[in-house]
S.K.: 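Mind looking over this structure? Questions follow.
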Number of protein chains: 2
Amino acid sequence: MAVEGTTGRVTKRRVRTRANLLEAAFAVFAAKGFGRVSIEEVCEAAGYSRGAFYSNFGSLDELFFALYAERAGLIADQVAGALALDGPDLDVPAAVDRVTEVLLLDLDWLLVKTDFLVHAARDPAVAQTLLEHRERLRRAVADRLARAAGHTELPVVLGGAEGAAHAVIAAYDGVTTRLLLDKDVEHARAWLKQLLTALLTDGSDNPAARSGG
Amino acid sequence: MAVEGTTGRVTKRRVRTRANLLEAAFAVFAAKGFGRVSIEEVCEAAGYSRGAFYSNFGSLDELFFALYAERAGLIADQVAGALALDGPDLDVPAAVDRVTEVLLLDLDWLLVKTDFLVHAARDPAVAQTLLEHRERLRRAVADRLARAAGHTELPVVLGGAEGAAHAVIAAYDGVTTRLLLDKDVEHARAWLKQLLTALLTDGSDNPAARSGG
DNA sequence: TGTATCCGATACATCGATGTATCCAAAGGG
DNA sequence: CCCTTTGGATACATCGATGTATCGGATACA
């Protein structure tokens with residue numbers, strides 16, 4: 001049982017096992033989808049028996065949740081880093097480029113993340129967690145856009161930096177959906193940059209337009 | 001066996017059964033998610049035995065595919081209708097409103113559609129079908145936008161009516177993702193309209209901006 | 001209305017996944 | 001270096017889902 005009673009000991013072996021299981025699970029989930037993966041498969045991929053699994057997790061859902069939390073945290077840090085990277089120069093287009101690279105880096109992650117979305121869509125508690133994670137991301141973007149106010153003005157329709165940040169997330173989600181189908185990461189990045197440019201500029205200082213397909 | 005050999009007879013009963021199975025499956029899929037539904041459950045919900053199922057479908061995947069094709073076709077028709085509705089007056093904002101109502105009508109459909117996306121993301125053949133359906137939708141939007149050229153000018157960044165139509169789809173997908181988590185259809189509609197307005201206008205003739213959360 | 005055909009129900013055999021109980025090995029503390 | 005505690009392996013019992021083979025009632029058509 002993966003109970004959290006009184007923390008008897010930390011045990012180096014345990015954390016290794018847990019990490020291995022999570023890593024293997026990521027690969028298996030990405031390849032086959034959460035709904036089509038058995039506990040057995042995860043264990044086999046990780047090189048453990050089911051005993052190890054039940055010693056670390058109570059269910060496949062629990063593992064999935066832990067996996068999501070871990071990876072989502074990493075991404076959030078990377079995005080925050082990419083946004084904080086330029087101190088006082090406040091170059092929005094450059095920030096857009098960097099964030100785009102981070103967000104559309106790993107197709108496997110997008111697959112797992114979408115599985116998790118589907119999962120969350122039917123479990124309010126999970127949905128809450130996912131919404132909170134998204135809100136952290138959005139906060140970072142909104143703050144960054146607010147810092148840039150004056151240098152680049154945002155379209156009024158969106159309602160300031162807060163609304164614009166929502167739009168950035170929506171664009172990300174929209175491009176992700178498409179990317180899951182055509183698997184063309186480079187194109188998706190270009191397209192996301194283009195979309196964000198269209199959303200975040202007032203239509204005055206446009207860079208060159210591309211084909212957009 | 002659900003074989004399509006030589007069409008022996010049509011049999012009224014058969015089509016009813018098939019339709020009932022599809023309808024029940026829709027409800028069950030929406031409620032529990034494709035990955036967590038058994039053939040048995042679908043049959044029970046429809047009031048049939050598993051014999052009826054295997055007589056009409058070869059697998060749950062096959063049924064799921066048929067279900068998606070059917071419903072997606074309906075939606076596509078509705079969207080095309082909403083776009084064609086105004087003949088020569090070419091009022092883009094009004095068209096945006098109508099299409100938004102249609103696209104964000106039924107939360108259950110969005111749930112099933114997202115399940116299907118996840119499914120397609122791991123099966124190139126299915127992905128192809130989904131991409132084709134999306135392309136039909138996009139075509140309708142692009143044509144409509146092209147018709148409106150001159151009345152409302154599009155931002156150059158997006159690359160004409162074609163690019164703008166891509167953006168419309170992306171916005172729809174982005175808003176859908178959020179909607180799956182917060183389940184607030186009314187808010188999603190307002191937000192999608194706002195997004196589309198921001199995308200499709202050049203920032204000149206903005207209507208009033210809203211809070212955007 | 002008779003009859004050939006079709007459709008769906010039932011029963012059965014099988015398989016895979018789950019969870020648990022028990023046992024052996026490996027850490028870590030003294 | 002022993003010995004207690006912890007972690008993971010093995011074996012087992014069970015359950016649910018799948019697919020198929022077969023049977024009886026319904027349906028279409030003459």
Side-chain angles (χ1 to χ4, degrees), chain A residues 1-29 31-67 115 119 122-123, chain B residues 1-29 31-67 115 119 122-123:
Chain A
M1 317 154 196
V3 211
E4 303 281 322
T6 53
T7 322
R9 239 186 275 183
V10 206
T11 331
K12 228 174 279 184
R13 179 164 63 140
R14 193 175 187 75
V15 299
R16 242 188 304 122
T17 304
R18 194 185 149 92
N20 288 336
L21 282 171
L22 284 170
E23 192 180 331
F26 179 76
V28 177
F29 286 159
K32 312 192 45 173
F34 177 64
R36 296 175 173 236
V37 166
S38 69
I39 293 176
E40 182 80 41
E41 281 174 297
V42 172
C43 296
E44 189 181 5
Y48 291 94
S49 72
R50 244 169 40 257
F53 177 91
Y54 283 109
S55 170
N56 283 278
F57 302 95
S59 66
L60 203 60
D61 274 50
E62 188 180 314
L63 177 148
F64 190 40
F65 193 91
L67 175 63
D115 270 2
H119 194 220
R122 292 182 180 87
D123 182 334
Chain B
M1 317 151 193
V3 209
E4 303 282 321
T6 53
T7 320
R9 239 185 276 182
V10 207
T11 332
K12 227 174 280 183
R13 179 163 64 143
R14 193 177 186 75
V15 300
R16 242 188 302 123
T17 304
R18 195 185 150 93
N20 287 337
L21 282 170
L22 284 170
E23 191 180 331
F26 178 76
V28 176
F29 287 159
K32 310 191 49 174
F34 178 63
R36 295 174 173 235
V37 166
S38 69
I39 294 176
E40 183 79 40
E41 280 173 299
V42 172
C43 296
E44 190 180 6
Y48 291 94
S49 73
R50 243 170 39 256
F53 178 91
Y54 283 109
S55 170
N56 282 278
F57 303 95
S59 66
L60 202 61
D61 274 51
E62 189 180 314
L63 177 148
F64 191 39
F65 193 91
L67 175 63
D115 270 1
H119 194 222
R122 292 181 180 88
D123 181 334

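Residue numbers start from 1 in every chain, and the chains themselves are labelled A, B, ... in the order their sequence lines are given, proteins ahead of strands.
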S.K.: Under the rule for side chain to side chain donor-acceptor pair (under 3.5 Å), what residues qualify as partners of A:Arg13, not counting sequence neighbours?
M.R.: none
S.K.: For the pair A:His119 and A:Phe34, name the ring-plane relationship: parallel under 30°, tilted 30 to 60°, perpendicular over 60°.
M.R.: tilted
S.K.: Roughly, in whole Å, what's the span from CG in A:Leu21 to C1' in D:dA9?
M.R.: 13 Å
S.K.: Which heavy atom of B:Leu63 sits nearest to which heavy atom of B:Leu22, and what is that distance?
M.R.: O-CD2, 3.9 Å
S.K.: Please confirm whether the shortest side-chain N or O distance from B:Asn56 to OP1 or OP2 of C:dC7 is below 4.0 Å.
M.R.: no
S.K.: So, OP1 or OP2 of C:dA27: does either fall under 4.0 Å of a side-chain N or O from A:Thr11?
M.R.: no
S.K.: Under the salt bridge (Lys or Arg N to Asp or Glu O under 4.0 Å) criterion, do B:Asp61 and A:Arg36 qualify, and how do the steps go?
M.R.: CA-CA 12 Å; B:Asp61 274 51; A:Arg36 296 175 173 236; 2.8 Å; yes
S.K.: Under 4.0 Å from OP1 or OP2 of D:dG8: is there any side-chain N or O of A:Ser55 that close?
M.R.: yes
S.K.: Is the closest side-chain heavy-atom distance between B:Glu41 and B:Lys32 below 4.5 Å?
M.R.: yes
S.K.: Would you give the length of the straight line joining atom CZ of B:Phe65 to atom OG of B:Ser59, rounded to the nearest 0.5 angstrom?
M.R.: 11.0 Å
S.K.: Dump the pairs, protein N or O against N or O of nucleotides 22-25 of chain D, anything under 3.5 Å, distances to one decimal.
M.R.:
| residue | atom | partner | partner atom | Å |
| --- | --- | --- | --- | --- |
| D:dG25 | N2 | B:Arg13 | NH2 | 3.4 |

S.K.: Which parts of residues 40-52 of chain A get close to DNA chain D, meaning a heavy atom less than 4.0 angstrom away?
M.R.: A:Tyr48, A:Ser49, A:Gly51, A:Ala52
S.K.: Restricting to non-hydrogen atoms, name the atom on B:Glu62 and the atom on B:Gly58 that form the minimum distance, rounded to 0.1 Å.
M.R.: OE1-N, 3.2 Å
S.K.: Quickly work out the A:Arg14 CZ to D:dA9 P distance and round it to whole Å.
M.R.: 12 Å
S.K.: Take atom CZ of B:Arg18 and atom C1' of C:dC6, then tell me their distance rounded to the nearest Å.
M.R.: 16 Å
S.K.: Which whole-number value in Å describes the distance from B:Phe57 CZ to C:dC7 C1'?
M.R.: 14 Å
S.K.: Using five pairs at either end of the helix from C:dT1-D:dA30 to C:dG30-D:dC1, determine the angle between the two local helix axes and round it to 10 degrees.
M.R.: 30°
S.K.: Show me, pair by pair, the donor-acceptor contacts under 3.5 angstrom made by side chains of residues 44-53 of chain B, not counting sequence neighbours?
M.R.:
| residue | atom | partner | partner atom | Å |
| --- | --- | --- | --- | --- |
| B:Tyr48 | OH | B:Asn20 | ND2 | 3.0 |
| B:Ser49 | OG | B:Gly51 | N | 3.3 |
| B:Arg50 | NH1 | B:Glu40 | OE1 | 3.1 |

S.K.: Any heavy-atom pair between the side chains of B:Leu67 and B:Phe57 that's under 4.5 Å?
M.R.: no
S.K.: Consider the side chain of B:Lys12, meaning its heavy atoms from C-beta on, and name the nucleotide among D:dA28, D:dT18, C:dG19 that approaches it most closely.
M.R.: D:dA28
S.K.: Does the side chain of A:Val15 reach to within under 4.5 Å of the side chain of A:Thr11, using non-hydrogen atoms?
M.R.: no
S.K.: With nearest nucleotides of DNA chain D determined for B:Val37 and B:Arg16 from heavy-atom distances, which residue corresponds to the more 5′ nucleotide?
M.R.: B:Val37
S.K.: Within this structure, what is the CZ-to-C1' distance between B:Arg36 and D:dA17, rounded to whole angstrom?
M.R.: 16 Å
S.K.: Tell me the interatomic distance from B:Phe53, atom CZ, to C:dT10, atom C1', rounded to whole angstroms.
M.R.: 18 Å
S.K.: Expressed as a whole number of angstroms, how long is the span from A:Tyr54:OH to C:dA17:P?
M.R.: 11 Å
S.K.: Measure CG/A:Asn20 against P/D:dG7 and give the value in whole Å, please.
M.R.: 15 Å
S.K.: Between A:Leu60 and A:Phe29, does the side chain to side chain contact (heavy atoms under 4.5 Å, CB included) criterion hold? Intermediate values first, please.
M.R.: CA-CA 11 Å; A:Leu60 203 60; A:Phe29 286 159; 4.2 Å; yes
S.K.: Shorter than 3.5 Å, N or O on both sides, protein versus nucleotides 14-16 of chain C: list them out with atom names.
M.R.:
none

